[in-house]
S.K.: 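Before I ask anything, here is the structure I am working with.
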Protein chains: 2
Amino acid sequence: MDHRAQCWAQTSQFIAQVQDIGDEIGMPYIAAQADLADPNPMSDEAGVPYALSTFRWINPDSEYYRDRKLALSEPFLNACRLSAEPFYFRDGQFHMNRASHLLSSIDCSHIHESILSSEAIIVPVHQPRSMLGTIIWCAKDAVGVEDIFRHHAARLQYLAVQLISTHNEARGRPRNAPILQRLTRREAQCLRWAAAGKTDSEIGIILDLSISTVRFHLRNAASKLGATGRTQSIQLAAGLGFIGAV
Amino acid sequence: MDHRAQCWAQTSQFIAQVQDIGDEIGMPYIAAQADLADPNPMSDEAGVPYALSTFRWINPDSEYYRDRKLALSEPFLNACRLSAEPFYFRDGQFHMNRASHLLSSIDCSHIHESILSSEAIIVPVHQPRSMLGTIIWCAKDAVGVEDIFRHHAARLQYLAVQLISTHNEARGRPRNAPILQRLTRREAQCLRWAAAGKTDSEIGIILDLSISTVRFHLRNAASKLGATGRTQSIQLAAGLGFIGAV
DNA sequence: TTATATCCTGACATAGATGCCAGCTTGTTC
DNA sequence: GAACAAGCTGGCATCTATGTCAGGATATAA
């Protein structure tokens with residue numbers, strides 16, 4: 001058995017575990033997406049959505065997984081974009097194990113109309129190369145999600161990360177980079193300011209370099225990253241963590 | 001007590017937990033960095049590095065945290081860039097709970113010279129907005145990291161994510177976005193191809209649109225993201241998971 | 001019907017990025 | 001001293017992106 005097939009086999013084991021743990025904790029309705037930017041549902045090797053083959057949903061008749069706005073309700077997705085931690089949904093709000101304002105700005109007022117669930121545990125999965133996925137465990141009625149979350153968040157998160165990582169490796173997407181050359185200090189600095197939208201001449205002023213030098217460093221950085229042009233450099237460097245926070 | 005102070009207080013609790021669990025599992029030497037792109041060590045509210053105030057290191061005299069190449073040995077960092085899952089280091093190689101080729105291309109031949117540890121558990125923490133952090137638990141001598149990893153990886157990962165998230169919220173970095181407008185299908189498509197380094201006219205050919213239309217969508221996307229210019233749009237969209245995999 | 005959102009297209013001028021050429025300094029190693 | 005790497009700078013021609021103006025098509029919901 002070659003490696004890809006092995007990854008697919010491992011993936012279906014993780015899929016089963018995800019459903020099992022959902023049944024165990026009383027939140028058996030599950031939505032999963034390895035890449036939120038992908039309009040297609042997350043599917044197995046044969047192209048069958050896991051939502052068909054394994055995962056159950058609150059309303060079994062709805063092809064919820066085809067309309068991602070319904071399944072992975074927009075506020076849930078946006079919350080995933082902003083949080084690295086797992087969190088849960090109850091009483092129309094997001095919560096986690098600590099006091100946080102990260103998710104307080106998200107408008108949840110229309111969730112109940114689109115997702116027929118009162119309580120849910122959401123695990124965002126931020127991945128290399130700027131890929132973002134999520135797994136959501138839902139309950140139909142109130143099951144005391146706060147306690148469930150406190151006891152199982154760590155397991156759920158680790159399982160979610162493993163499933164999505166394995167699934168991605170099986171799909172060969174994102175493509176794994178063969179080499180990783182070291183970026184010099186100057187190259188990283190120029191990239192960071194370029195990502196902030198600065199022009200070459202602005203970067204030159206900021207770092208006290210001439211335009212030519214800024215161009216020199218950006219060119220070298222692009223070549224090390226295997227990128228063609230500034231935008232792709234930014235995309236690759238950001239996805240590998242070379243750029244960092246604003 | 002205001003929210004930021006609360007986050008700082010919570011952060012030091014997590015810091016203590018990280019050291020405690022390290023002692024408990026027999027891997028008490030710890031290196032942490034919330035943002036790999038930040039040349040400064042991870043520090044508390046007063047600016048004192050956690051490496052000074054709390055964490056221990058194998059050689060207490062070395063100011064290892066000042067030289068990140070030494071502390072967070074280059075191959076460790078590069079492995080973090082490529083993996084969303086926690087993994088461990090033993091016998092000069094990286095391993096995880098499953099068969100994976102993700103980290104096999106990384107050259108580890110010079111690790112023993114720079115990091116005086118034979119075994120380590122590495123938890124990469126991929127965060128929103130393209131920030132990447134890590135926490136590394138090390139042992140001086142062999143302690144059977146394989147079993148430790150199998151039993152504690154989930155706890156370690158959840159703790160690492162919580163610590164780094166709280167620390168970032170305390171620092172107010174990355175800045176939390178107030179609003180998140182929905183990107184339309186076309187806007188997302190144009191962004192994706194722009195991130196791949198395509199020019200407006202190339203995107204037009206790919207999506208069968210005129211250059212004007214491509215420009216129209218990219219302009220709208222930039223305005224929704226609060227970005228000025230194409231490069232910043234890419235950086236923001238990538239960091240929020242709108243672009244996805246190659 | 002009237003909004004509203006999404007989507008589509010064109011023209012023009014200016015600023016910026018890119019490809020290509022060349023040369024310079026500084027420090028290290030042999 | 002010679003050879004080498006890393007960093008730094010300039011000029012020039014061309015392509016690309018951006019700002020600003022204009023117009024219209026289609027569909028869905030109130």
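When reading the values below, keep in mind they use all heavy atoms of this one structure, side chains included, and skip hydrogens, waters and symmetry mates. Labels below follow one simple rule: chain letters A, B, ... track the order of the sequence lines, proteins then strands, and each chain is numbered from 1.
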S.K.: Check each residue of residues 202-214 of chain B for a non-hydrogen atom within less than 4.0 Å of any atom in DNA chain C, then write out the ones that pass by number, or none.
M.R.: B/Leu209, B/Ser210, B/Ser212, B/Thr213
S.K.: For the pair made of NZ in A/Lys224 and C1' in D/dG7, what is the distance, rounded to whole Å?
M.R.: 11 Å
S.K.: I'd like to know if A/Arg185 reaches the base of D/dG7 with its side chain such that a donor and an acceptor end up less than 3.5 angstrom apart.
M.R.: no
S.K.: Could you tell me how the ring of A/His101 sits relative to the ring of B/His3: parallel (under 30°), tilted (30 to 60°) or perpendicular (over 60°)?
M.R.: parallel
S.K.: Give the minimum heavy-atom separation between A/Phe87 and A/Cys80, together with the two atoms involved.
M.R.: CZ-N, 4.1 Å
S.K.: Please state how far atom CD in A/Gln189 lies from atom C1' in D/dG7, giving the value in whole angstrom units.
M.R.: 12 Å
S.K.: Please report, rounded to the nearest Å, how far the C1' atom of D/dT16 is from the CG atom of B/Leu218.
M.R.: 13 Å
S.K.: Output yes when a side-chain donor or acceptor of A/His126 lies under 3.5 Å from a complementary backbone atom of B/Val125, and no otherwise.
M.R.: no
S.K.: Roughly, in whole Å, what's the span from NZ in A/Lys198 to P in C/dA15?
M.R.: 18 Å
S.K.: Would A/Arg81 and B/Phe242 count as a cation-pi pair here, with the cationic atom under 6.0 angstrom from the ring centre and within 45° of the axis?
M.R.: yes
S.K.: Report the distance from atom CD of B/Gln232 to atom C1' of D/dT18, rounded to the nearest whole Å.
M.R.: 15 Å
S.K.: Check the interface with nucleotides 22-25 of chain C: list each N/O to N/O pair with the protein under 3.5 Å, or write none.
M.R.:
none

S.K.: With the side chain of B/Phe216 defined as its heavy atoms from C-beta on, choose the nearest nucleotide among D/dT18, C/dC7, D/dG7.
M.R.: C/dC7
S.K.: Which atom pair, heavy atoms only, marks the closest approach of A/Leu236 to A/Leu225?
M.R.: CD1-O, 3.4 Å
S.K.: Rounding to an integer number of Å, can you tell me how far B/Trp193 CH2 sits from D/dT16 P?
M.R.: 18 Å
S.K.: Give me the bend of the helix from C/dT1-D/dA30 to C/dC30-D/dG1, using the axes of the five pairs at each end, rounded to 10°.
M.R.: 50°
S.K.: Can you check whether B/Thr134 reaches B/Phe76 side chain to side chain, under 4.5 Å on heavy atoms?
M.R.: no
S.K.: Run the salt-bridge test on B/Asp35 and B/Arg171 with the 4.0 Å N-O cut-off and return the result as yes or no.
M.R.: no
S.K.: Within the structure, does a side-chain N or O atom of B/Arg186 lie under 4.0 Å from either OP1 or OP2 of C/dC7?
M.R.: no
S.K.: Using OP1 and OP2 only, check whether a side-chain N or O of A/His217 sits under 4.0 Å from D/dC8.
M.R.: yes
S.K.: Check the distance between D/dA6's P and A/Arg219's CZ and give it to me in whole angstrom.
M.R.: 16 Å
S.K.: Starting from P on C/dG16, measure out to CZ on A/Arg230 and report it in whole angstrom.
M.R.: 11 Å
S.K.: What is the distance from atom SG of B/Cys190 to atom CZ of B/Arg185, rounded to the nearest 0.5 Å?
M.R.: 10.0 Å
S.K.: Taking the side chain as every heavy atom from C-beta outward, state whether A/Gln19 and A/Pro28 have any pair of such atoms under 4.5 Å apart.
M.R.: yes
S.K.: Do the side chains of A/Tyr88 and A/Met27 get nearer than 4.5 Å, heavy atoms only?
M.R.: no
S.K.: Which listed nucleotide (C/dC7, D/dG7, C/dA17) is nearest to the side chain of B/Thr184?
M.R.: C/dC7
S.K.: Look at the side chain of A/Arg215 and the base of C/dG16, then say whether one donor and one acceptor between them are separated by less than 3.5 Å.
M.R.: no
S.K.: Got a second to check how far A/Leu103's CG is from A/Met96's CE, nearest 0.5 Å?
M.R.: 4.5 Å
S.K.: Would you say the side-chain atoms of B/Gln189 and B/Arg192 include a donor-acceptor pair closer than 3.5 Å?
M.R.: no
